[in-house]
Amino acid sequence: MRAWPGEPYPLGATWTGVGVNFALFSAHATKVELCLFDATGRREVERIELPEYTDEVWHGYLRDLPAGALYGYRVHGPYEPDAGHRFNPNKLLLDPYAKGHLGKLAWRPEIFGYTIDHPDEDLSFDKRDSARFVPKCRVIDPAFTWTRDRRPGTPWERTVIYEAHVKGLTKRHPLVPEALRGTYAGLAWWDVLEHLKGLGVTAVELLPIHAFVDDGYLLDKKLTNYWGYNTIGFFAPEPRYFANGDASEFKQMVAHLHDAGLEIILDVVYNHTAEGNERGPTLSFKGIDNASYYRLLPEPRHYINDTGTGNTVNLSHQRVLQMVADSLRYWATEMRVDGFRFDLATILAREPYGFDEGGGFLDTCRQDPVLSSVKLIAEPWDIGPGGYQVGQFPPGWAEWNDKFRDTVRSLWKGDEGVVPDFAKRISGSGDLFNKRGRKSWASVNFVTAHDGFNLNDLVSYDEKHNEANGEGNRDGHSNNHSWNHGVEGPTDDAEIIALRERQKRNLLATMMLSHGTPMLLAGDEFGRTQNGNNNAYAQDNEISWLNWLGITAQGRDLREFARKLIAMRKAFPILHRSRFVVGSHNEELDVKDVAWLAPSGEEMTVEQWQDANARCFGMLLDGRAQESGIKRRGSDATLLLVYNSHYDVVNFTLPAVPEGRSWLGLIDTNQPDARLSAFSFGHAYAVTGRSFLAFGLSAEENTPRRLRQGVDAILDVTEVPLN
């Protein structure tokens, strides 16, 4: 085929309707060849040199090349590892901007730019062709009709996140057609959406779906990279999750989620790639322009490894930063996703001199009209220097709050001296986020996530049990703040089972009724287990897949409890107010926005805060102290939340209320199905050991009966069957 000059923008392969424009950035290449393949991707049918080089972009246009064409690149240039250059035209390379991939990577010696076992190691040069063993890029037709799609646009303060894995969520779902299980189409299946809608979550956060590869060492152990934190293509959906290979399937999934009122958030990995360090394969970036795409040490043969995976993407380079920003905009506009959770986000904000809140990546997101309008969530840590940055991201960002996770776990485990820090966490972690106009939603509150114990295992195991990973149980975190309550793993002891179930309810209630943005791990709502594995990154099997048919009666009860918690969170504005509660006194109304109560019903003293043995206290949130503005129904309702992590019963005296009003019991995790009564001021409620309670106080003109009717209406949502 004849190559016309084409255009240097946009980067990637762009189908125009009559042909395809190809554009590839490389600052140090001397020649770029476009390789076209047959429909199977096995045979190279033509090799064409891109004819033009403009502003460090190689480009060309092929008229009459159709959408669906398969291609890759061979890039010529110096092979000088000591200078940071690793060009090798014998290696077929993936286009960083490819919108589609076909095929799987085969871990063969041919995919490495150097000769394995050569005395010169990675300084050697391998001349074997890798094309047979690497995926191919696919030119896509972007046409798709978004007929009725409307983004839900859920405000941050009303957001409830559900973290899930595309495959794990539906692989064992009995109501999803077998051919669709574990796919994008399976996630869009109505019965799955009904479960999510019935539960009350507002956003689904998916573990990585950018195209990734399985690590060779995992394949040797007959395992795979299940979580997907091994990206090789930032624009292409992972092919293994397609039901039929149709590029529009992902968009159809998004449209179905939006139609159900659910936002979609993608967990994205821009901090490293699957190419590893100098001993890793040459698949894309390394062979296109290694010195530009990666952060290299002063002796540039070696890579900076702030990620712990071998390499670190160089976002200080303007073209690499452009690629990441282009990728985010593509997913936000063309694919219509609603937000992103950034893996090891500290790395993205790190310049050569260290973490910089005003660095290039964060500034790019802040000023971009597209990226500044979607949900941005940072995982604010990495293993590099100054890598822990919780609370240090700029306005507009939310952050995973591991301090919330660890403190909440510690309190319910019964650790000493936790109450002061616990109070900070449940009130929005203002010590971390209350600055520069940031709101309490900036704290993403979670007790469990994909990495670590899930809810059931958190209360069932003292130690991790990762033997299935084949690493001698050395992998995964050992400091889990977990407690097995007397027996390691499953048990028939009714007393231990009852306590574990109550602790699950305590943990869920604490998370859902705290200030901040709650994040629920998929399956925790019905108590799924991973048999003690707290690092199931390589378990693409029944350890990780949700077992919908195995849900017990206790699991159904827990799901109903979780549903009621989310409904209650939505119903009481005091629980999702965006301003931080700081204990300020409203002189006009003579109320505080928050008061911390001792079991006597009086405000806690300094001595009580400092008492390391304190394990029972109350959080009084007065709805009358809401921020000014339009008042919503129930916005002036007051809540009293009581936490008792002591092993024994504590008599908690209910605080004073205006004459003629009384407290209405809403939740007692010791008796989750009971219809609680109204209680007068001064009543001493016997709080069972290791229990959580919630009491409501109606507005002055409402009686307890009317509040009860309102609460019942809120919670009386038609339950969706689990299977």
Side-chain angles (χ1 to χ4, degrees), residues 152 154 158-207 209 241 243 249-250 252-267 338 446-450 454-456 504-505 508-509 511-512 518-530 542 544-570 672 714-723:
T154 308
R158 289 179 170 270
T159 297
V160 179
I161 298 173
Y162 187 84
E163 190 197 32
H165 187 284
V166 169
K167 184 174 184 179
L169 184 62
T170 65
K171 185 61 178 176
R172 303 180 71 187
H173 200 299
L175 298 182
V176 176
E178 188 170 357
L180 303 184
R181 295 175 189 171
T183 69
Y184 302 120
L187 194 153
W189 194 254
W190 181 247
D191 296 280
V192 178
L193 298 180
E194 278 286 88
H195 172 77
L196 298 174
K197 287 176 61 180
L199 189 58
V201 297
T202 68
V204 179
E205 181 177 306
L206 295 179
L207 268 66
I209 55 84
Y241 302 141
E249 185 179 328
F250 184 91
Q252 291 171 347
M253 177 194 74
V254 173
H256 280 86
L257 285 165
H258 284 178
D259 186 60
L262 297 166
E263 293 185 313
I264 176 170
I265 298 171
L266 299 185
D267 193 336
D338 304 286
F446 64 103
V447 176
T448 60
H450 68 276
N454 57 25
L455 184 64
N456 179 82
K504 292 178 192 178
R505 294 190 289 270
L508 286 177
M511 179 178 69
M512 285 299 173
M519 185 184 77
L520 178 67
L521 175 63
D524 275 359
E525 70 270 29
F526 50 77
R528 76 173 180 111
T529 180
Q530 291 183 167
E542 294 183 356
S544 296
W545 303 338
L546 272 62
N547 182 11
W548 296 91
L549 285 177
I551 298 173
T552 64
Q554 292 169 332
R556 290 178 181 276
D557 291 342
L558 185 63
R559 190 266 185 185
E560 176 64 9
F561 183 75
R563 183 186 68 79
K564 290 182 177 180
L565 287 174
I566 297 174
M568 182 173 169
R569 177 183 179 83
K570 293 178 179 179
I714 292 164
L715 302 184
D716 188 19
V717 181
T718 302
E719 182 178 356
V720 178
L722 288 173
N723 53 45

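Below, all heavy atoms of this structure are taken into account, side chains as well, without hydrogens, waters or symmetry copies.
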A.B. asks: Does T202 form a side-chain contact (heavy atoms from CB on, under 4.5 Å) with R158? I'd like the steps, not just the answer.
C.D. replies: CA-CA 8 Å; T202 68; R158 289 179 170 270; 5.9 Å; no
A.B. asks: Would you find a donor on one side and an acceptor on the other, under 3.5 Å apart, between the side chain of E163 and the backbone of H450?
C.D. replies: yes
A.B. asks: In the structure I gave you, are the side-chain heavy atoms of M253 and L206 within less than 4.5 Å of one another anywhere?
C.D. replies: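 They are in side-chain contact.
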A.B. asks: Can you check side-chain contact (heavy atoms from CB on, under 4.5 Å) on L193 and L257, steps first, answer last?
C.D. replies: CA-CA 7 Å; L193 298 180; L257 285 165; 3.5 Å; yes
A.B. asks: Give a yes or no answer on whether the side chain of E249 reaches the backbone of A243 with a donor-acceptor pair at less than 3.5 Å.
C.D. replies: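 Pair found, side chain donor or acceptor close to backbone of A243.
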A.B. asks: Quick one: are R556 and I551 in side-chain contact, heavy atoms under 4.5 Å?
C.D. replies: yes
A.B. asks: Supply the atom-to-atom distance F526 CZ to D557 CG, rounded to the nearest 0.5 angstrom.
C.D. replies: 14.0 Å
A.B. asks: Please determine whether side-chain contact (heavy atoms from CB on, under 4.5 Å) holds for the pair W189 and H173, giving the CA-CA distance in whole Å, both sets of side-chain angles, and the decisive distance to 0.1 Å.
C.D. replies: CA-CA 10 Å; W189 194 254; H173 200 299; over 6 Å; no
A.B. asks: Just verifying a value: how many Å separate E542 CD and N547 CG, rounded to the nearest 0.5 Å?
C.D. replies: 7.0 Å
A.B. asks: Without swapping roles, check the side chain of K564 against the backbone of P672 for a donor-acceptor pair under 3.5 Å.
C.D. replies: no
A.B. asks: Quick check: do R505 and L558 have side-chain heavy atoms less than 4.5 Å from each other?
C.D. replies: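 Sidechains of L558 and R505: in contact.
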A.B. asks: Run the ring pair (Phe, Tyr, Trp, His ring centres under 6.0 Å) test on H165 and Y241 for me, step by step, so that the C-alpha distance in whole Å, both residues' side-chain angles and the decisive distance to 0.1 Å come before the verdict.
C.D. replies: CA-CA 10 Å; H165 187 284; Y241 302 141; 5.7 Å; yes
A.B. asks: Once rounded to the nearest 0.5 Å, what's the spacing between atom CZ of R172 and atom CG of L549?
C.D. replies: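 So the gap between those two atoms works out to 7.5 Å.
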A.B. asks: A side-chain contact here means heavy atoms from C-beta on lying under 4.5 Å apart; do R559 and H195 qualify?
C.D. replies: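 Yes. Closest side-chain heavy atoms under 4.5 Å.
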A.B. asks: Report the distance from atom NZ of K171 to atom OG of S544, rounding to the nearest 0.5 Å.
C.D. replies: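 Here the interatomic distance stands at 13.0 Å.
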A.B. asks: Just wondering, do P518 and R569 contact through their side chains at under 4.5 Å, heavy atoms?
C.D. replies: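 In contact.
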A.B. asks: Nearest 0.5 Å please: distance from the CG atom of D524 over to the CG atom of L508.
C.D. replies: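 That separation rounds to 7.0 Å.
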A.B. asks: Does any non-hydrogen side-chain atom of I264 lie less than 4.5 Å from one of F250?
C.D. replies: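 Yes, close enough: below the 4.5 Å cut-off.
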A.B. asks: Between CD1 of I265 and CD1 of I161, what distance do you get to the nearest 0.5 Å?
C.D. replies: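 Going from the CD1 atom of I265 to the CD1 atom of I161 covers 4.5 Å.
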A.B. asks: Which heavy atom of E525 sits nearest a heavy atom of Y162, and at what distance?
C.D. replies: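 Shortest heavy-atom separation between E525 and Y162 comes out as OE2-OH, 2.7 Å.
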A.B. asks: So does T529 get a backbone contact from the side chain of N456, meaning a donor-acceptor N/O pair under 3.5 Å?
C.D. replies: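 No.
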A.B. asks: Side chain of E263, backbone of T154: donor and acceptor closer than 3.5 Å?
C.D. replies: yes
A.B. asks: Go through I209 and L266 one step at a time and tell me if the side-chain contact (heavy atoms from CB on, under 4.5 Å) criterion holds.
C.D. replies: CA-CA 7 Å; I209 55 84; L266 299 185; 3.8 Å; yes
A.B. asks: How far apart are the closest heavy atoms of N454 and L521, and which atoms are they?
C.D. replies: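 In this case the closest contact between N454 and L521 is CB-CD2, 3.8 Å.
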A.B. asks: Is E560 salt-bridged to R563, going by a charged N under 4.0 Å from an acidic O?
C.D. replies: yes
A.B. asks: Do the side chain of T170 and the main chain of R181 share a donor and acceptor less than 3.5 angstrom apart?
C.D. replies: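 No, the answer is negative, given that no donor and acceptor are paired below the 3.5 Å cut-off.
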A.B. asks: Under a 4.5 Å cut-off applied to non-hydrogen side-chain atoms, are W190 and K197 in contact?
C.D. replies: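 Yes, their side chains come closer than 4.5 Å.
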A.B. asks: More than 12 non-hydrogen atoms from neighbouring residues, nucleotides or ligands closer than 6.0 Å to CH2 on W545, yes or no?
C.D. replies: yes
A.B. asks: Do W548 and L175 have side chains that get closer than 4.5 Å, going by heavy atoms?
C.D. replies: no
